[in-house]
Amino acid sequence: MKVRDFMVWDVISVRPENTIKEVMSIFVEKKIGGVPIMKKDGTLIGMVTDGDILRALKPLDRRIHDYFSFMTYIAVEDRDIHLDEIINREIIKIAKTHGIVTVGPDDDMETVINILAKHHFKKLPVVNGVNRVIGVISRGDVIRNIQQTIVESM
């Protein structure tokens with residue numbers, strides 16, 4: 001079985017200039033946890049996941065040092081300023097842009113399973129010969145495919 005037989009062809013993607021806030025809205029609305037970041041022509045330039053966003057939103061850790069005390073605090077005002085700054089940042093600034101692992105439409109299911117298992121990815125972009133995204137494949141897609149083709153036939 002080839003990737004083209006069980007990938008999702010209708011790709012939800014974002015552009016590099018989309019903000020973190022916009023991407024979070026897409027994740028919630030579409031009930032997804034990751035998207036490819038593409039140029040206007042469909043060329044893959046990055047991947048971003050809900051985990052990337054969570055890491056970007058983690059609270060600031062401020063430390064005050066003097067001779068008599070060591071104090072750790074997170075001021076509410078600092079947190080709000082930090083959050084506003086982060087959510088309005090372009091998504092490409094927190095996305096993975098190097099070493100993106102992809103598959104092609106003619107790769108077989110075993111290749112996809114090995115990549116997903118080895119790297120603990122949730123989703124892989126499917127690209128054509130000129131690095132344009134033509135689909136995505138997720139762990140859920142693979143599990144559904146295994147269940148439909150293998151488990152049900154047993």
What's the separation between atom [atom1] in [X] and atom [atom2] in [Y], rounded to the nearest 0.5 Å?
| X | Y | atom1 | atom2 | result |
| --- | --- | --- | --- | --- |
| Ile37 | Glu17 | CD1 | CD | 10.5 Å |
| Ile92 | Thr97 | CD1 | OG1 | 6.0 Å |
| Leu57 | Ile86 | CG | CD1 | 7.0 Å |
| Ile53 | Arg89 | CD1 | CZ | 12.5 Å |
| Ile91 | Lys21 | CD1 | NZ | 13.5 Å |

Closest contact, heavy atoms only, [X] versus [Y]:
| X | Y | result |
| --- | --- | --- |
| Lys122 | Leu116 | C-CD2, 4.4 Å |
| His120 | Arg139 | O-NH1, 4.2 Å |
| Val11 | Pro36 | CG1-CG, 3.8 Å |
| Phe27 | Asp50 | CE2-N, 3.5 Å |
| Leu44 | Pro125 | CD2-CG, 3.8 Å |
| Val126 | Gly104 | CG1-C, 3.8 Å |

- Short N-O contact, Asp141 and Arg144, less than 4.0 angstrom: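 Judged by the 4.0 Å cut-off on N to carboxylate O distance, Asp141 and Arg144 do form a salt bridge.
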
Same cluster or not: [X] versus [Y], using hydrophobic residues (I, L, V, M, F, W, Y) connected whenever any side-chain heavy atoms lie under 4.5 Å apart?
| X | Y | answer |
| --- | --- | --- |
| Ile12 | Val14 | yes |
| Val3 | Trp9 | yes |
| Val23 | Met47 | no |
| Ile100 | Val112 | no |

Given side chains that start at C-beta, do those of [X] and [Y] come closer than 4.5 Å, heavy atoms only?
| X | Y | answer |
| --- | --- | --- |
| Ile134 | Pro105 | yes |
| Gln148 | Phe6 | no |
| Arg15 | Met38 | no |
| Val142 | Ile113 | yes |
| Met109 | Ile146 | yes |
| Glu29 | Ile26 | no |
| Leu124 | Val136 | no |
| Asn18 | Glu90 | no |

- Task: With Lys123 as reference, evaluate Val35, Ile32, Ile137 under the side chain to side chain contact (heavy atoms under 4.5 Å, CB included) test and give the passing residue.
- Result: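 One option only clears the test, and that one is Ile32.
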
Test item: [X] side-chain N/O and [Y] main-chain N/O as donor-acceptor pair under 3.5 Å:
| X | Y | result |
| --- | --- | --- |
| Asn114 | Glu110 | yes |
| Glu22 | Thr19 | yes |
| Asp108 | Met1 | no |
| Asp107 | Thr111 | no |
| Asn88 | Glu85 | no |

- With Asp52 via side chain to side chain donor-acceptor pair (under 3.5 Å) - residues at least two apart: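 Here the qualifying residues are Thr49, Arg55.
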
- Task: Quick one: list whatever passes side chain to side chain contact (heavy atoms under 4.5 Å, CB included) with Val28, sequence neighbours left out.
- Result: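 Checked Val28 against side chain to side chain contact (heavy atoms under 4.5 Å, CB included); zero matches.
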
